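A quick write-up on the structure given underneath.
In what follows, every chain begins at residue 1, and chains take the letters A, B, ... in the order their sequences are listed. Note that the structure is a prediction, hence the values are computed from the model and not measured.
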Protein chains: 2
Amino acid sequence: MSLPENAPASKRAIWHAAQRLFTENGFARTSVREIATEAAIDPALVIRHFGSKEQLFMETMDVDIGAAAFDGPIETLGERFIAFVLDADADIRGIYLALLRASDSTGIWTHLRAAHEEGFVRPFRTRIASSVGDPADPAPADSADADTRARLAAAVVGGLLYSLWVVRDEGLAHLERETLVRRYGALLQAAITG
Amino acid sequence: MSLPENAPASKRAIWHAAQRLFTENGFARTSVREIATEAAIDPALVIRHFGSKEQLFMETMDVDIGAAAFDGPIETLGERFIAFVLDADADIRGIYLALLRASDSTGIWTHLRAAHEEGFVRPFRTRIASSVGDPADPAPADSADADTRARLAAAVVGGLLYSLWVVRDEGLAHLERETLVRRYGALLQAAITG
DNA sequence: GTCTATAGTATGATAGAC
DNA sequence: GTCTATCATACTATAGAC
């Protein structure tokens, strides 16, 4: 997503191969040699183009939530956002897991933290703050409270991703989709509304 | 915690060294040699006593939540459980992070899943089911609903651990403890109560 | 820009003497 | 039970020819 258009063909091949392998097998289980084979180029080129394996990882593991997920009336944002996350599964899951499992490296942890902050906390906060005084909001928030609500909401969302993707709780995964959206959406809504 | 009393001294030394290093540095960043050095024994003994590094990891990374955390009136369990988790930080955090980050290996993932099921889901379900018909419970649950509530609650708890320990959201961590207990406790309570 | 060759280091696990 | 010695392998990264 963040690869320049005018990059040489070999660099782009590396980028795509890396993105696929990292999301599929994670950071530790993906070797530079494997990426090179997949991209049909020489292993030395991988380092030459990206500096290090970790650098390549961070350039390819960039996730974009998209502001559209936060649109619409705030009193039903909870359900809509859960539905959005479940739909986005295929796009986000691999990147999320790879970042999570490699988050002992401080470089990668910083990356994960930024993704959480910019992908969840900030948009939630913006959306919540913009609804201050909204008649639908039962407890108008000052700016500190908007921040707190946003972080609580982000944590709740993280909990669902954790249960579904890391732990793979089958009891949750096998719930009817509509039930999960409604019930977990209500919990998220409670965090948003305060 | 699960090491037999009558185990030889060298085996127990390995066990303690491994537990410390794994919780501190994780699975990947801890080598068999390092464990041996810390335990002041020969590296070969580590494998001889425990079969493999992964086996040793799973035997030392056993977490015990303890049933006491689920005692007391169910209508205030949310707050009490969040307070309990925050207090238990030092004991659980390292093990939780190590398990999480090594959860790509299927053996370790199975272990994490079992810990989640037995440490969170099952006790929540038992506690919720035993309160059916309780006048304090506004919506008495059948057994399927008790299971669903327990899994939603476990996910919400996981979200807090995720935000505090993996992402290290400072905005959450720097909230006054009592505020966090009250507000996140209310969210957990909503999951429990349904 | 691209490749060959390899340096340099670390790993988990084993065989076999004592 | 314990240790020495080592196998067999994997890895990232680099130096230098073309």
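Considering only residues two or more places apart in sequence or on other chains, A:N25 meets the side-chain contact (heavy atoms from CB on, under 4.5 Å) condition with A:L21, A:R29, A:T30, A:E34.
Side-chain atoms of B:T23 come within 3.5 Å of backbone N or O of B:R20 as a donor-acceptor pair. Side-chain N or O atoms of B:Y162 include none that pairs as donor or acceptor with a backbone N or O of A:V157 at under 3.5 Å. At distances below 3.5 Å, not a single donor-acceptor pair connects side-chain atoms of A:T193 with backbone N or O atoms of A:A190.
Other residues, nucleotides and ligands contribute only 12 or fewer heavy atoms inside 6.0 Å of the CZ atom of B:R48.
Here the closest heavy-atom approach between residue B:L77 and residue B:A69 is recorded as CD1-O, 3.8 Å.
Contact check on A:E170 versus B:R113 returns a salt bridge, with a Lys/Arg side-chain nitrogen under 4.0 Å from an Asp/Glu carboxylate oxygen. A salt bridge is absent between A:R80 and A:D87; no separation between the charged side-chain nitrogens and carboxylate oxygens falls under 4.0 Å.
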Exercise. Sugar-phosphate means primed atoms, P, OP1 and OP2; the rest is base. With that split, encode nucleotides 11-18 of chain C 5' to 3' as B, S or - using protein heavy atoms under 4.0 Å.
Key: BBSB----
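Residues from residues 97-109 of chain B placing a heavy atom under 4.0 Å of any atom in DNA chain D do not occur.
Residue A:H49 contributes atom NE2, which lies 12 Å from atom C1' of C:dC3 at whole-angstrom precision. The CZ-C1' distance, from B:R29 to C:dT9, rounds to 16 Å in whole Å. D:dT2 atom P lies 6 Å from atom CG of B:L45, rounded to whole Å.
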